[in-house]
Amino acid sequence: MPELPEVETVAAGLRAGAVGLKIKAAVCRLPKLLRETAPEDLQALSGLRISAVRRRGKVLIIEAEERALLFHLKMTGQFSWAAPEAAPDKHTHFILSFENAAEDLRFRDVRKFGFLRCLPLAGVDDCPEVGGLGPEPLEISEAEFAVRIKARKGRLKSVLLDQRVLAGVGNIYADEAIHAAALHPLTAASRLSPAELVRLRTALRRILKAAIAAGGSSVRDYRSVDGEIGDFQTRHKVYGRAGERCRRCGGTIRRIVVGSRSTFYCPKCQRRKR
DNA sequence: GCCACTGTTAGCAT
DNA sequence: CATGCTAACAGTGG
């Protein structure tokens with residue numbers, strides 16, 4: 001489920017535990033995990049020291065001197081620390097061991113949608129996985145937000161999910177932000193008023209920050225690096241609440257499908273523009 | 001057992 | 001170009 005707040009939480013956990021560690025070996029147990037990455041690229045990581053861990057959109061970036069490891073968690077990717085002698089389960093696809101740490105860093109991904117790309121640090125911003133991303137929702141100005149959203153013809157929900165427009169918003173936070181801004185998910189993005197755009201940006205940022213503070217939302221598989229579940233799912237106003245009462249107006253939350261994604265909204269307080 | 005559904009996104013058809 | 005559907009895969013719940 002990882003969206004921006006979940007990846008941010010994972011990045012923070014990795015940063016706390018992995019920066020400064022010297023890589024002993026990188027072992028990949030699932031060839032298809034590797035994207036544009038040769039086995040030699042992984043071998044060349046040995047001896048490098050992890051210097052930083054950061055996030056761009058939903059992409060996790062581990063920097064080791066002049067190299068970078070890009071991970072995408074897709075639906076079910078997880079990181080955890082484990083003793084080297086503990087047998088990895090069948091969903092563990094990648095293991096980093098260290099010269100100056102007792103535990104290994106493991107990446108597991110039940111559905112195998114995730115990927116790993118190893119490349120020169122200098123190439124990160126121009127690679128396809130990062131270069132095509134829109135601005136960060138927590139950094140974008142009001143003016144640029146308005147321009148980028150209004151430039152799109154599609155439905156608001158789909159536009160928020162488009163990583164080229166904004167980086168990091170996924171299904172849960174799109175629905176939550178649209179609800180908080182009292183907009184309708186099927187509204188044409190290009191028809192939002194200036195006031196509505198301000199409302200939407202403000203709501204999105206508030207929700208993303210609150211979700212990060214809560215350690216993300218654990219709807220199904222998501223776990224932080226230390227194995228903790230997030231807490232934000234208890235504060236979802238619409239996501240996953242079809243048939244339940246809207247906490248703002250008492251209406252009944254409805255589930256529809258937009259762009260083949262489940263979409264939850266309150267038909268009473270999220271009126272469609274016409 | 002079978003079918004529907006799942007947080008992502010690349011790729012392809014329309 | 002925009003939009004919509006499917007596949008990639010495994011597990012879960014009805």
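Bear in mind the structure is a predicted one, so any value in this text is a computation, not a measurement. Numbered from 1 within each chain, the chains take letters A, B, ... in sequence-line order.
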Checklist entry - Between F107(A) and F79(A), how do the two ring planes meet: parallel, tilted or perpendicular, split at 30° and 60°? => result tilted
Item to check | Gap in Å between the two P atoms, one belonging to dG11(C) and one to dT9(B), rounded | outcome: 22 Å
Item to check | Spacing of D109(A) atom CG relative to dG11(C) atom P, expressed in whole Å | outcome: 11 Å
Checklist entry - Taking R55(A) as the fixed residue, which of E3(A), E139(A), E136(A) is the one that meets the salt bridge (Lys or Arg N to Asp or Glu O under 4.0 Å) rule? => result E136(A)
Item to check | Residue whose closest nucleotide on DNA chain C lies nearer the 5' end, K32(A) versus S158(A) | outcome: S158(A)
Checklist entry - What integer distance in Å separates R35(A):CZ from dG11(B):P? => result 7 Å
Next on the checklist: Can you tell me whether the side chain of R111(A) and the base of dT8(B) have a donor-acceptor pair closer than 3.5 Å?
Outcome noted: no
Checklist entry - Looking at D89(A) and R108(A), does any basic side-chain N land under 4.0 Å from a carboxylate oxygen? => result yes
Next on the checklist: Side chain of Y239(A), heavy atoms from C-beta onward: which of dA2(C), dT6(B), dT8(B) has the nearest atom to it?
Outcome noted: dT6(B)
Checklist entry - Among L42(A), L30(A), V27(A), whose side chain to side chain contact (heavy atoms under 4.5 Å, CB included) with F94(A) holds? => result L42(A)
Next on the checklist: Nearest to the side chain of S262(A), heavy atoms from C-beta on, is which of dT6(B), dT8(B), dA10(C)?
Outcome noted: dT6(B)
Checklist entry - So, do L14(A) and I50(A) sit near enough that their side-chain heavy atoms are less than 4.5 Å apart? => result no
Item to check | Euclidean distance, atom CZ of residue R261(A) to atom C1' of dT8(B) [Å, nearest integer] | outcome: 6 Å
Checklist entry - Between atom CZ in R117(A) and atom P in dA10(B), what is the gap in whole Å? => result 12 Å
Checklist entry - Would you say dA8(C) has OP1 or OP2 under 4.0 Å from some side-chain N or O of K74(A)? => result no
Checklist entry - If you look at every strand shown and take non-hydrogen atoms under 4.0 Å, does G259(A) touch a base, only sugar-phosphate, or nothing? => result nothing
Checklist entry - Think K90(A) has a side-chain N or O under 4.0 angstrom from the OP1 or OP2 of dA10(C)? => result no
Item to check | N or O in side chain of H72(A) less than 4.0 angstrom from dT8(B) OP1/OP2 | outcome: no
Next on the checklist: A side-chain contact here means heavy atoms from C-beta on lying under 4.5 Å apart; do Y173(A) and F232(A) qualify?
Outcome noted: yes
Checklist outcome for this item: M75(A) CE to dC5(B) P, in whole Å, measures 14 Å
Item to check | Any R255(A) side-chain N or O less than 4.0 Å from OP1/OP2 of dT6(B) | outcome: yes
Next on the checklist: Can you measure K112(A) atom NZ to dT6(B) atom C1' for me and round it to whole angstrom units?
Outcome noted: 18 Å
Next on the checklist: Assigning hydrophobic clusters by single linkage (Ile, Leu, Val, Met, Phe, Trp, Tyr; side-chain heavy-atom cutoff under 4.5 Å), is L33(A) placed with I62(A)?
Outcome noted: yes
Next on the checklist: The test is side chain to side chain contact (heavy atoms under 4.5 Å, CB included); show your working for I172(A) and H236(A) and say whether it passes.
Outcome noted: CA-CA 8 Å; I172(A) 295 175; H236(A) 291 172; 3.5 Å; yes
Checklist outcome for this item: Atom NZ of K153(A) and atom C1' of dT3(C) are separated, to the nearest Å, by 11 Å
Checklist entry - For dG4(C), does OP1 or OP2 lie under 4.0 Å from any side-chain N or O of R155(A)? => result yes
Next on the checklist: So, OP1 or OP2 of dT8(B): does either fall under 4.0 Å of a side-chain N or O from K58(A)?
Outcome noted: yes
Next on the checklist: Of the listed nucleotides (dA10(C), dT8(B), dA2(C)), which one gets closest to any side-chain atom of E3(A)?
Outcome noted: dT8(B)
Checklist entry - Which whole-number value in Å describes the distance from N171(A) CG to dC5(B) P? => result 14 Å
Checklist entry - Closest nucleotide of DNA chain C for S260(A) versus for A151(A): which of these residues is on the 5' side? => result A151(A)
Checklist entry - Has H91(A) got a side-chain N or O lying under 4.0 Å from the OP1 or OP2 atom of dC9(C)? => result no
Next on the checklist: Once you measure the plane-to-plane angle for F98(A) and W81(A), does it fall in the parallel (<30°), tilted (30-60°) or perpendicular (>60°) bin?
Outcome noted: tilted
Next on the checklist: With a 4.0 Å limit, can you tell me whether Q163(A) has a side-chain N or O closer than that to the phosphate oxygens OP1/OP2 of dT9(B)?
Outcome noted: yes
Item to check | Secondary-structure stems for DNA chain B, with pairs counted as Watson-Crick or G-U when both distances are under 3.5 Å and runs at least 3 long | outcome: B:2-6 with C:10-14, B:8-14 with C:2-8
